[in-house]
Amino acid sequence: MPLPAEVVDLSPSSSRLGGSRRLTGHLARPAGEGPWPGVVVVHEALGVEEVMLRQTRRLADAGYLALMPDLFTQGGARRCLVATMRAALSGRGRAYQDIEAARDHLARHPDCTGAVGIIGFCMGGSFALMTAGRGQFDAAAANYGLLPKDLNAVLADACPVVGSYGGRDRMLQGAAARLDTALDRLGVVHDVKEYPDAGHSFLNDAEVGPRLLRPLLRVAGMGPHPASAADAWQRIETFFDTHLTTRNTES
């Protein structure tokens, strides 16, 4: 039976770093005895809900100490969403200190090897890209995140990046190709793939958002695509195994 996620208080670290005064996180542990590599999970724009908690649990089942900070802790989604979305694209805002607090919590955790990656979905995918070049993470997984305006500047010194995008995602047409080209040009180790039959949020295992809006979201091509998701997860886990697990063991 899967272990439940543990709610942890990240407030001391986030406050010290200049982030949120109140910050909680959801920590999922693998079964058995550690230590394990850590992964910070950055949620979608809808915040912490069951689908995101299951994604966190999935990473734990793959052998990672997975921690998802609730970026909306201090004011709730309605009050925090706009500012957090702006931060995801501008590279500035307290969300970055909150993500750093989650990273520090994992790095100091007795059950963590010290290797820490980041994975983000939707809005979280943008944060994964924006933080990849800040020297905080050993690997980054960006899933259908909006691209930084200045790819060269943001990704110049990036850690290895794995990216997954949907070809039917109308918001991100051509994003996978642009990201792949930029990482090639910068010499960053990467694996970027576009799934032609998938749309936005295709890695989710269930529909999210208000029920009344879900038919419209389906028409827009948003929602689960199990075949593409299975391949993307295999790539993510292989990539993390190479850059978080294997490399840490060899060192």
Side-chain angles (χ1 to χ4, degrees), residues 1-43 47-74 94-121 124 127-128 130-143 157-162 189 233 236-251:
M1 183 175 180
L3 300 172
E6 171 190 354
V7 178
V8 296
D9 183 10
L10 302 173
S11 303
S13 292
S14 60
S15 296
R16 174 176 53 82
L17 293 166
S20 298
R21 294 186 305 277
R22 292 189 299 108
L23 180 66
T24 59
H26 300 263
L27 180 69
R29 300 167 178 266
E33 296 185 2
W36 309 281
V39 175
V40 173
V41 183
V42 190
H43 56 71
V48 173
E49 39 73 55
E50 289 301 318
V51 170
M52 289 293 101
L53 288 170
R54 287 197 295 274
Q55 303 288 43
T56 305
R57 180 70 252 164
R58 180 176 187 135
L59 284 158
D61 291 341
Y64 300 96
L65 193 63
L67 176 59
M68 176 170 55
D70 183 353
L71 301 182
F72 300 154
T73 302
Q74 190 161 301
R94 73 183 186 207
Y96 289 96
Q97 285 71 50
D98 292 349
I99 291 169
E100 185 179 355
R103 185 255 174 221
D104 287 355
H105 183 89
L106 287 174
R108 296 194 314 270
H109 200 288
D111 288 332
C112 182
T113 63
V116 182
I118 183 170
I119 186 171
F121 304 88
F127 279 111
M130 292 295 287
T131 57
R134 297 190 175 194
Q136 299 171 337
F137 295 103
D138 298 295
N143 301 298
D157 298 308
C159 62
V161 174
V162 55
V189 175
W233 272 116
I236 292 166
E237 291 176 14
T238 298
F239 200 83
F240 277 0
D241 183 61
T242 298
H243 298 287
L244 298 180
T245 306
T246 305
R247 180 172 296 179
N248 185 264
T249 301
E250 292 174 348
S251 64

Which heavy atom in [X] sits nearest to a heavy atom in [Y], and how many Å separate them?
{"X": "F121", "Y": "V41", "result": "CE1-CG1, 4.0 Å"}
{"X": "G47", "Y": "M52", "result": "O-CG, 3.7 Å"}
{"X": "D98", "Y": "P69", "result": "O-CB, 4.5 Å"}
{"X": "R29", "Y": "H109", "result": "NH2-NE2, 3.5 Å"}
{"X": "H26", "Y": "V48", "result": "NE2-CG1, 3.7 Å"}
{"X": "A141", "Y": "A128", "result": "O-CB, 3.6 Å"}

Roughly how far apart are [X] [atom1] and [Y] [atom2], rounded to 0.5 Å?
{"X": "S13", "Y": "R103", "atom1": "OG", "atom2": "CZ", "value": "11.5 Å"}
{"X": "E100", "Y": "L17", "atom1": "CD", "atom2": "CG", "value": "4.5 Å"}
{"X": "T113", "Y": "L106", "atom1": "OG1", "atom2": "CG", "value": "10.0 Å"}
{"X": "E237", "Y": "D61", "atom1": "CD", "atom2": "CG", "value": "9.5 Å"}
{"X": "N143", "Y": "I236", "atom1": "CG", "atom2": "CD1", "value": "4.5 Å"}
{"X": "I99", "Y": "T131", "atom1": "CD1", "atom2": "OG1", "value": "6.0 Å"}

Do [X] and [Y] come close enough that some side-chain heavy atom pair is under 4.5 Å?
{"X": "W36", "Y": "D111", "answer": "yes"}
{"X": "I119", "Y": "V162", "answer": "no"}
{"X": "T73", "Y": "R22", "answer": "yes"}
{"X": "Y64", "Y": "T56", "answer": "no"}

Side-chain donor or acceptor of [X] paired with backbone N/O of [Y] under 3.5 Å:
{"X": "S15", "Y": "P12", "result": "no"}
{"X": "T24", "Y": "V8", "result": "no"}
{"X": "H43", "Y": "L71", "result": "yes"}

Subject >> Other residues, nucleotides, ligands: >12 heavy atoms within 6.0 Å of D157 CG >> reply: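 Atom CG in D157 is not crowded, with 12 or fewer foreign heavy atoms closer than 6.0 Å.
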**OP:** Please step through side-chain contact (heavy atoms from CB on, under 4.5 Å) for the pair D104 and R16, ending with a clear verdict.
**Re:** CA-CA 11 Å; D104 287 355; R16 174 176 53 82; 4.1 Å; yes
**OP:** Go through the side-chain N and O atoms of S20 and R94 and say whether any donor and acceptor fall under 3.5 Å apart.
**Re:**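 A pair is found: one side chain offers a donor N or O, the other an acceptor, under 3.5 Å apart.
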Subject >> Residue pair W233, L59: steps toward the side-chain contact (heavy atoms from CB on, under 4.5 Å) verdict >> reply: CA-CA 10 Å; W233 272 116; L59 284 158; 3.9 Å; yes
Original post:
With respect to F137, which candidate in V40, V39, V161 satisfies the side chain to side chain contact (heavy atoms under 4.5 Å, CB included) definition?
Top reply: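 Looking at V40, V39, V161, the match for F137 under the side chain to side chain contact (heavy atoms under 4.5 Å, CB included) is V40.
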